[in-house]
Amino acid sequence: MVKRFRWPLALLLCGALALATVATGCDTATTEAREFMEQGDVILSGLGLKIDSMFEGAWGLSNEIAEGKIASGSRYESAAVFVSADNDEYKRQLDNAKGEFEKILKLDGMDDYAEYAQLRLDSIENAYRFSDALSATLDDISGVVVRIESGELAGGEAIATELDQVLLVLQEKDKEISAEAAALLGKAGKLKEDKEL
């Protein structure tokens, strides 16, 4: 089986951007912008465990299939429902964070906060790609199970090879998504520090 590793997106999307905030002399719009920014950042910082759970779930499903514990479509559907539910919750949380940053864009005169919000919105759009990649991986794993159930694919080594290919695609997508996440996180962190947001 492909070697499992910690999903870097969990670190890059949710990395700490907490820096000292100057709270004196703020007007209402600035206070609102800061509150929306902090709430959006808090939501994103809580996604690390969900990403880890989904990542572990995909590998766990693959291992169970390779070990012969899951050999039917119905058994796979029952086992995969938890990973799918985590993915749905992950998307819901991204939607919530997106809503917070979009509120900043509606405020007048908050150019620095708006710039930060746009960087975080770009990060969120990038993070949705993880959800899409995971869904595609679950579909591909399901396809392997269908082939096992039909008798088209048999033997532990052949099954493990097929699953390795599926997981390798996920790893390649991870590299791409994580590279973009790192760049966006760096820009957002620098802006937050430079502008003392």
Side-chain angles (χ1 to χ4, degrees), residues 2 4-18 33 35-65 70 73 76-106 113-145 163 166-189 192:
V2 172
R4 185 176 49 143
F5 59 93
R6 179 162 164 66
W7 191 269
L9 181 61
L11 302 174
L12 296 170
L13 174 69
C14 309
L17 290 176
E35 287 174 3
F36 298 147
M37 175 188 72
E38 289 173 356
Q39 184 59 33
D41 283 345
V42 165
I43 294 168
L44 292 181
S45 71
L47 291 178
L49 292 176
K50 190 64 65 186
I51 293 169
D52 286 344
S53 176
M54 290 185 288
F55 187 70
E56 294 288 330
W59 253 256
L61 289 169
S62 296
N63 288 335
E64 287 190 41
I65 294 164
I70 297 175
Y76 176 75
E77 286 178 21
S78 295
V81 72
F82 300 105
V83 182
S84 294
D86 280 347
N87 196 10
D88 290 343
E89 176 62 16
Y90 172 77
K91 288 186 284 190
R92 189 181 72 73
Q93 292 291 347
L94 287 175
D95 290 344
N96 290 344
K98 183 177 180 180
E100 293 299 320
F101 291 115
E102 286 175 340
K103 290 175 189 175
I104 295 171
L105 299 181
K106 295 176 183 175
Y113 283 97
E115 185 179 351
Y116 179 84
Q118 190 56 59
L119 287 168
R120 295 306 267 164
L121 287 167
D122 292 345
S123 294
I124 290 167
E125 288 306 313
N126 184 55
Y128 281 122
R129 294 169 58 209
F130 167 77
S131 177
D132 295 341
L134 181 69
S135 293
T137 298
L138 293 176
D139 289 345
D140 291 345
I141 293 172
S142 176
V144 172
V145 173
L163 291 168
V166 170
L167 297 176
L168 282 171
V169 170
L170 184 61
Q171 286 182 342
E172 288 304 311
K173 185 56 83 172
D174 163 58
K175 289 178 187 174
E176 179 186 320
I177 293 168
S178 295
E180 181 69 15
L184 291 167
L185 184 66
K187 288 177 184 176
K192 193 171 190 180

Looking at side-chain heavy atoms only, is the closest gap between [X] and [Y] below 4.5 Å?
X	Y	answer
Ser123	Leu185	no
Leu170	Asp140	no
Asp41	Lys192	yes
Tyr128	Asp95	yes

Self-check item: Donor-acceptor contact below 3.5 Å, side chain Ser178 vs main chain Asp174
Solution: yes

Exercise. For Ser135 and Ser131, indicate whether the former's side chain and the latter's backbone hold a donor-acceptor pair under 3.5 Å.
Key: yes

Shortest non-hydrogen contact from [X] to [Y]?
X	Y	value
Met54	Val83	O-CG1, 4.0 Å
Leu105	Ala114	CD2-O, 3.6 Å
Ala79	Ile70	CB-CD1, 3.7 Å
Ala97	Gly40	CB-O, 4.0 Å
Ile177	Asn126	O-ND2, 3.0 Å
Met37	Phe101	O-CE2, 3.8 Å

Practice problem: In plain terms, say whether Glu176 and Arg129 are close enough for a salt bridge, that is, a side-chain N and a carboxylate O under 4.0 Å apart. | Solution: yes

Practice problem: Flag the pair Asp86 and Lys91 as a salt bridge only when some basic side-chain nitrogen lies within less than 4.0 angstrom of an acidic carboxylate oxygen. | Solution: no

Rounded at 0.5 Å granularity, tell me how far [atom1] in [X] sits from [atom2] in [Y].
X	Y	atom1	atom2	value
Lys187	Glu115	NZ	CD	10.0 Å
Glu102	Ile124	CD	CD1	8.0 Å
Leu184	Gln118	CG	CD	10.0 Å
Leu94	Glu89	CG	CD	10.0 Å
Leu121	Tyr116	CG	OH	10.5 Å

Self-check item: Derivation of the side chain to side chain contact (heavy atoms under 4.5 Å, CB included) call for Val169 and Lys173
Solution: CA-CA 6 Å; Val169 170; Lys173 185 56 83 172; 5.6 Å; no

Quiz prompt | Ser62/Val166 under side chain to side chain contact (heavy atoms under 4.5 Å, CB included): CA gap, chis, key distance, verdict | solution = CA-CA 9 Å; Ser62 296; Val166 170; 5.9 Å; no

Quiz item: What's the verdict on salt bridge (charged side-chain N to carboxylate O under 4.0 Å, His left out) for Asp88 and Lys50, showing C-alpha distance, side-chain angles and the deciding distance?
Solution: CA-CA 10 Å; Asp88 290 343; Lys50 190 64 65 186; over 6 Å; no

Quiz item: For residues Asn96 and Glu100, is any side-chain donor paired with an opposing acceptor at under 3.5 Å?
Solution: no

Quiz item: Listed by chain and number, what are the salt bridge (charged side-chain N to carboxylate O under 4.0 Å, His left out) partners of Glu77, not counting sequence neighbours?
Solution: none

Quiz prompt | Tyr90 and Phe130 aromatic centres sub-6.0 Å | solution = yes

